[in-house]
**Q** 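Before anything else, here's the structure in question.
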Amino acid sequence: MQHITQSSRRRVEDDDAPKKKLSRRERRRLLEEKEMAKYHRSDWEIMKPYAFIGVKVLAGLLAAYGAWCGLCWLVSTDTLVCACLIVGPFAGVYYVTPPPERPPRARVEEIWVYPVKSCKGVRYYSARLDAQNDRRWMVVDADGVFVSQRRFPKLCLVAPSLPAEAPGALRLEAPGMPPIDAPVVDDGPRVACRVWGDSVEGVDQGATAGKWVSKFLRCRGCRLVRMPDGATRQVDRKYAPKRTSTAFSDGFPLLVAATESLADLNARLEKKKAPPVPMDRFRPNLVVAGVTKEGNAPFAEDAWKTMTRAGDRLALTVAKPCSRCKMPTIDQATGEPDGGDATTDDAAADEGGGPRALAEPTATLKEYRTGAALKLKNPKWRQEVFFGQNITHASPGAEINVGDTFYVRSKGRSCAIS
């Protein structure tokens, strides 16, 4: 009787099992991973072509010297010089081959998490995707509609934190208000909420937190809600695979922006004698900078398709450019919008109501960052302004650190950040 080991039996069973048909999206992802794999090389792998070139050149010089010494016995020196002039260029092309291009990269400069939607951010040097409570809390009005800086600009002055001395509590601080520690409630009453066109469920965090927020905003009936543990909110399927989720953000789990793009915007503002704006106006999660030899060009992120971290191949996918509302016109340090106070009780202000025509930096962005200027295909984007890129991922719990290097692949091909 033929002896079949357990491992052999398992291989036979696996071979007999029907092959799973990969979807078009999965096949494309595998091809992208295979394409990016060649960029994940150690320092030796990167320098190896240069070392081989050096060995080739040295061997060629030694061979040429030996040949010279031998031929000097056979032919005249003038004839030998002419032969070297003819053969030399061809030998140089063979031995001195150009090294491969160094893969384009971007480095993480800052990491920001916003525990409460539209409130002040918390800066981290290391954060875990989907595990750092980014926009897990949200303020809603009496009708369950989300509240943002579009309606109440002073919401940016609320500073949330998760203090170590008060585990299981969310601390809220704001000018003129006593700080409170709102216990994290998981089994409280469920509240039907609305974030743009999505109907979501939130857990009411108690009357104390609700009264505190209502008093600060001077808006009756406000409540603080938290997304229940284990709950998911699907990202728009037009831009992300199935089961890609986010919390109470406007639409995507991450936003990335580049320091070079902000520098370009501020240079334009300076020419108009307008004050520069800090990066917090755009509320990104990841602030990156180019570290290629040539440096980064402004808005190079427009062409990015994927960002893959060196070492462990953590992949971030660029979903779509981020269209900007009136929030970049609000000074995040004072809560004052450019052009005057824009506080309103109209809930529609949270879902539209673009910035004032002359408000900065949107007025400057309208000069060169509209959908029409960028030649974006979607006709609905023609008059919108864009800054930053919305990001999705499939690695919940993965850790990102300041200083991490990501290899960048552009739409259609790998390209340098230029």
**Q** Minimum heavy-atom separation for Cys222 and Ser214, please, with both atom names.
**A**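 Taking every non-hydrogen atom into account, N-OG, 3.0 Å.
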**Q** Salt bridge between Arg150 and Asp250, side-chain N to carboxylate O under 4.0 Å?
**A**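 Salt bridge present between Arg150 and Asp250.
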**Q** Is there a donor-acceptor contact under 3.5 Å from the side chain of Asp204 to the main chain of Gly188?
**A**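 Not at all, since once roles are kept as given, no pair shorter than 3.5 Å links the two residues.
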**Q** So does Gly397 get a backbone contact from the side chain of Arg128, meaning a donor-acceptor N/O pair under 3.5 Å?
**A**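 Yes: the side chain of Arg128 pairs with the backbone of Gly397.
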**Q** Just so I know, are the side chains of Phe152 and Cys219 near enough to count as touching, which here means a heavy-atom distance under 4.5 Å?
**A**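 Side-chain contact under 4.5 Å: yes.
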**Q** Would you call Asn266 and Val277 a side-chain contact if the rule is heavy atoms closer than 4.5 Å?
**A**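 Result yes, sub-4.5 Å side-chain heavy-atom pair found.
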**Q** Given side chains that start at C-beta, do those of Leu286 and Ile400 come closer than 4.5 Å, heavy atoms only?
**A**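 A side-chain contact exists here, since the closest heavy-atom pair is under 4.5 Å.
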**Q** Looking at Tyr114, I'd like to know if the NZ or CZ of Lys120 sits under 6.0 Å from its six-membered ring centre while staying within 45 degrees of the ring's axis.
**A**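 Lys120 over Tyr114 ring: no.
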**Q** When you check the gap from the basic side-chain N to the acidic O, do Asp229 and Arg136 get nearer than 4.0 Å?
**A**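 Yes, Asp229 and Arg136 are salt-bridged.
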**Q** Once you round to the nearest 0.5 Å, how far does CG of Leu365 lie from OG1 of Thr370?
**A**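 With rounding to 0.5 Å, CG (Leu365) is 10.0 Å from OG1 (Thr370).
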**Q** Could you walk me through whether Phe386 and Leu374 pass side-chain contact (heavy atoms from CB on, under 4.5 Å), step by step?
**A** CA-CA 9 Å; Phe386 296 87; Leu374 299 176; 4.2 Å; yes
**Q** So, applying salt bridge (Lys or Arg N to Asp or Glu O under 4.0 Å) with Asp302, which one of Lys375, Lys320, Arg369 is it?
**A**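 By the salt bridge (Lys or Arg N to Asp or Glu O under 4.0 Å) criterion, Asp302 pairs with just one of Lys375, Lys320, Arg369: Arg369.
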**Q** Is there side-chain contact between Gln205 and Val203, with heavy atoms separated by less than 4.5 Å?
**A**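 With C-beta onward as the side chain, the pair touches.
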**Q** Between atom CG of Asp338 and atom CG of Asp331, what is the distance when rounded to the nearest 0.5 Å?
**A**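 Here the rounded value is 9.5 Å.
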**Q** What's the separation between atom CG in Leu314 and atom CG in Asp404, rounded to the nearest 0.5 Å?
**A**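 If we round to the nearest 0.5 Å, Leu314:CG and Asp404:CG are 8.5 Å apart.
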**Q** Looking only at heavy atoms, which two atoms of Phe248 and Met138 are closest? And how far apart?
**A**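 Closest approach of Phe248 to Met138: CD1-CB, 3.5 Å.
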**Q** Apply side-chain contact (heavy atoms from CB on, under 4.5 Å) to the pair Arg233 and Met227, showing each step before the final yes or no.
**A** CA-CA 10 Å; Arg233 174 172 164 239; Met227 179 166 282; 4.2 Å; yes
**Q** Strictly distance-based, threshold 3.5 Å: is any side-chain N or O of Asn133 a donor or acceptor partner for the main-chain N or O of Pro115?
**A**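 Checked: no pair found.
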**Q** With a 4.0 Å cut-off, would you call Arg194 and Asp198 a salt bridge?
**A**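 So Arg194 does not pair with Asp198 through a salt bridge.
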**Q** Would you indicate whether the side-chain heavy atoms of Pro328 and Lys326 approach each other to under 4.5 Å?
**A**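 With C-beta onward as the side chain, the pair stays apart.
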**Q** Is the shortest distance from a Lys or Arg side-chain nitrogen in Arg151 or Asp141 to a carboxylate oxygen in the other one below 4.0 Å?
**A**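 Judged by the 4.0 Å cut-off on N to carboxylate O distance, Arg151 and Asp141 do form a salt bridge.
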**Q** Measure the spacing between CH2 of Trp304 and CG of Leu316 and express it to the nearest 0.5 Å.
**A**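 Those atoms lie 10.5 Å apart.
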**Q** Should the pair Glu367-Lys272 be classified as a salt bridge under the 4.0 Å nitrogen-to-oxygen rule?
**A**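 Salt bridge present between Glu367 and Lys272.
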**Q** Assess the side chains of Asn401 and Tyr124: does a donor N or O sit below 3.5 Å from an acceptor N or O?
**A**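 The answer is no; no qualifying pair exists.
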**Q** Would you say that Trp137 contacts Val184 through its side chain, given a criterion of any heavy-atom pair below 4.5 Å between the two side chains?
**A**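 Heavy-atom side-chain distance check passes, below 4.5 Å.
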**Q** Can you tell whether the side chains of Glu109 and Arg107 come within less than 4.0 Å, N to carboxylate O?
**A**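 Salt bridge present between Glu109 and Arg107.
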**Q** Looking only at heavy atoms, what is the nearest atom pair of Val408 and Ala106, with distance?
**A**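 Minimum heavy-atom separation between Val408 and Ala106: CG2-CB, 3.9 Å.
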**Q** Which atom pair, heavy atoms only, marks the closest approach of Cys156 to Gly335?
**A**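 It is SG-CA, 3.5 Å.
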**Q** Begin with the C-alpha distance, continue with both residues' side-chain angles, and end with the deciding distance and a verdict on side-chain contact (heavy atoms from CB on, under 4.5 Å) for Ile391 and Leu255.
**A** CA-CA 6 Å; Ile391 301 290; Leu255 175 67; over 6 Å; no
**Q** Closest approach of Ser261 and Glu301, non-hydrogen atoms and distance?
**A**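 Closest heavy-atom pair between Ser261 and Glu301: OG-OE2, 2.7 Å.
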**Q** Could you tell me if Arg105 sits above the aromatic ring of Phe406, with its cationic atom closer than 6.0 Å to the ring centre and no more than 45 degrees from the axis?
**A**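 No, Arg105 does not lie over the aromatic ring of Phe406.
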**Q** Backbone N or O of Glu336 within a donor-acceptor pair of the Thr334 side chain at under 3.5 Å?
**A**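 Present.
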**Q** Kindly compute the distance separating CZ (Arg283) from CD (Gln149), expressed to the nearest 0.5 Å.
**A**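 Rounded to the nearest 0.5 Å, the CZ-CD separation comes to 5.0 Å.
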**Q** Is a side-chain N or O of Gln332 found less than 3.5 angstrom from the main chain of Ile330, in a donor-acceptor match?
**A**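 Indeed, once roles are kept as given, a pair shorter than 3.5 Å links the two residues.
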**Q** Are the charged groups of Asp280 and Arg123 less than 4.0 angstrom apart, N to O?
**A**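 Judged by the 4.0 Å cut-off on N to carboxylate O distance, Asp280 and Arg123 do not form a salt bridge.
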**Q** Nearest heavy-atom pair of Leu170 and Ser161: which atoms, and what distance?
**A**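 Between these two residues, the closest heavy atoms are CD1-O, 3.5 Å.
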**Q** If you measure from CD1 on Ile180 to CZ on Arg171, what distance do you get to the nearest 0.5 Å?
**A**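 Atom-to-atom, Ile180:CD1 and Arg171:CZ are 10.5 Å apart.
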**Q** Does Ser249 use its side chain to pair, donor to acceptor, with the backbone of Phe252 at less than 3.5 Å?
**A**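 Yes; judged by distance alone, with no hydrogens or angles, the pair exists.
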**Q** When you look at Leu217 and Leu155, which way does the side-chain contact (heavy atoms from CB on, under 4.5 Å) test go after all the steps?
**A** CA-CA 7 Å; Leu217 297 180; Leu155 198 58; 3.8 Å; yes
**Q** Using a strict cut-off of less than 4.0 Å between a Lys/Arg side-chain nitrogen and an Asp/Glu carboxylate oxygen, indicate whether Asp312 and Arg309 qualify as a salt bridge.
**A**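 Salt bridge present between Asp312 and Arg309.
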**Q** Check whether any side-chain heavy atom of Leu172 sits under 4.5 Å from a side-chain heavy atom of Pro179, and report yes or no.
**A**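 No; the side chains remain at least 4.5 Å from each other.
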**Q** Around Glu270, counting heavy atoms of other residues, nucleotides and ligands shown, do more than 12 lie under 6.0 Å from its CD?
**A**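 Atom CD in Glu270 is not packed in, count stays at 12 or less.
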**Q** Quick check on the 6.0 Å ring-centre criterion: do Phe387 and Phe299 meet it?
**A**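 Yes, they do, as the ring centres are separated by less than 6.0 Å.
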**Q** Has Tyr368 got more than 12 heavy atoms of other residues, nucleotides or ligands less than 6.0 Å from its OH?
**A**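 Yes, OH of Tyr368 has more than 12 neighbouring heavy atoms, counting only those of other groups under 6.0 Å.
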**Q** Do Arg313 and Thr308 have side-chain heavy atoms sitting under 4.5 Å apart?
**A**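 A side-chain contact exists here, since the closest heavy-atom pair is under 4.5 Å.
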**Q** Answer yes or no: does atom CZ of Arg382 have more than 12 heavy-atom neighbours from other residues, nucleotides or ligands under 6.0 Å?
**A**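 It does not: Arg382 CZ has 12 such atoms or fewer within range.
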